[in-house]
Amino acid sequence: MSNANMQFLSELFEIAESLTEHTEQQISFGLDEVGPTSSLAQDDVGMGGYKVSSLVTSSIGAAVDHVIALRSLVMKAGEVTNAAPWTLLRGVIEPSSLAVWILDDPNRAHRRERTLRVWRHDMTERSYWERTTGHVPSPPGQKATDRIKQIDGIAKELGLRMQQVTERFRYSHTVRAAGTAVNMPEALARWQECSGFAHGRTWAAVRFSQPVSAARMRDPDSVMLGLALNETLLEQAADLATALLNKALGDYADAANG
């Protein structure tokens, strides 16, 4: 546990505060509506239920949601655990990078291809869940495998490159590309560090935590370490999360209004 200070998170928290409207029932994200003649509206034409705008707004919403959770942990709990801040920042970095990766490409066909690739990945993951649970959607709902065929059909109808649509989606690719867009070439390393904490990997905990104690175990090859949050190293991940979310919001505003 560590006492919560972390002033370097203030800009990230201010972004979330500016986008949220608290009521007794819900928190709504204050993204501008997509203008009917905007670039983003044109991206959506012919995309059916797999719109560029829907995917981007969902991604930004997920990022902001994680910022809100981190803010609650830091501002209300008073103490924070070692792994949670890294994991929550990962939840900002990944969806923000996805939004940047899609919107930052100047080519409409490429934006559509990338969007459909993500939707296809989404439906592939859903198909695994349906197989595990035996879930069959009630009509007019469709199985994920049918949705994948629908996505492929849209890509063909729009004349998009099928290889780009069916290529495996990887966050490592979007994080690296989005990091380049915000002039942070170290983005992939920061994401890997956050992922290490999220997955409970020893290398990340030992390398990026603050050691506070050590005790030998009965096993002569084992040592029990006491670890606390290393705010200096966490700040680097927070800087990336802030830059990516700002970029995603700026790109969205430009596309939705321009």
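On a predicted model such as this, the values are computed, not experimentally measured, just so you know. These numbers come from the heavy atoms of this one structure, side chains and all, not from hydrogens, waters or symmetry mates.
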### Query
Would W203 end up clustered with L89 when hydrophobic side chains under 4.5 Å apart are linked, directly or stepwise?
yes
### Exam field: side chain R201 to backbone H199, donor-acceptor pair closer than 3.5 Å
yes
### Short N-O contact, D122 and R147, less than 4.0 angstrom
no
### Query
So, D65 side chain and G61 main chain: donor-acceptor pair closer than 3.5 Å or not?
no
### Query
Any idea how F169 and W101 line up, ring-wise: parallel (<30°), tilted (30 to 60°), or perpendicular (>60°)?
tilted
### Message
Donor-acceptor check, side chain of T166 to backbone of M162, threshold 3.5 angstrom: yes or no?
### Response
yes
### Message
Less than 3.5 Å apart, any donor N or O on the side chain of Q42 or R108 sitting next to an acceptor on the other?
### Response
no
### Query
Of all heavy-atom pairs between A198 and T87, which one has the smallest distance, and what is that distance?
CA-OG1, 3.4 Å
### Backbone of P106 reached by a side-chain donor or acceptor of R111 within 3.5 Å
yes
### Query
Any chance the side chains of N230 and S209 put a donor and an acceptor closer than 3.5 Å?
no
### Message
Using only atom types and a distance under 3.5 Å, with no angle test, would you say the side chain of S72 pairs donor to acceptor with the backbone of I68?
### Response
yes
### Query
Going from CG on L98 to CG on L55, what distance comes out if it is rounded to the nearest 0.5 angstrom?
5.5 Å
### Task
Locate the shortest heavy-atom distance separating L229 from M6; write the atom from each residue and the value.
CD2-SD, 3.8 Å
### Task
Identify the heavy atoms of I93 and A237 that sit nearest to each other, and give their distance.
CD1-O, 4.0 Å
### Task
Mark yes or no for whether S54, through its side chain, and Y50, through its backbone, hold a donor-acceptor pair below 3.5 Å.
no
#### Entry: Test item: side-chain donor near acceptor, E193 and W86, under 3.5 Å
no
### Task
Look at D43 together with R112 and state whether they make a salt bridge at an N to O cut-off of under 4.0 Å.
no
### Message
Using the rule given for salt bridge (Lys or Arg N to Asp or Glu O under 4.0 Å), can you reason through D104 versus K247, listing the C-alpha separation, both sets of side-chain angles and the distance that settles it, and then say yes or no?
### Response
CA-CA 9 Å; D104 200 50; K247 174 67 170 169; 3.0 Å; yes
### Message
Quick one about N107 and E113 (side-chain donor to acceptor, distance below 3.5 Å, no hydrogens or angles considered), yes or no?
### Response
no
## Note on the structure
Looking only at heavy atoms, the pair that brings V100 and A248 closest together is CG2-N, 3.6 Å
### Task
To the nearest 0.5 angstrom, please state how far the OG atom of S53 sits from the OH atom of Y252.
6.5 Å
### Flag for H110-R161: side-chain donor and acceptor within less than 3.5 Å
yes
### Summary
CD1 of I15 to CG of N246, rounded to nearest 0.5 Å, is 3.5 Å
### Task
Provide the closest heavy-atom pair for A16 versus V67 in the form atom of the first, atom of the second, distance.
CB-CG1, 3.5 Å
### Message
Tell me whether the count of non-hydrogen atoms from other residues, nucleotides or ligands lying under 6.0 Å of CD in E33 goes above 12.
### Response
no
### Cluster link M75 to L12, ILVMFWY, side chain under 4.5 Å
yes
### Query
Between the side chain of R117 and the main-chain N/O of Q164, is any donor-acceptor distance below 3.5 Å?
yes
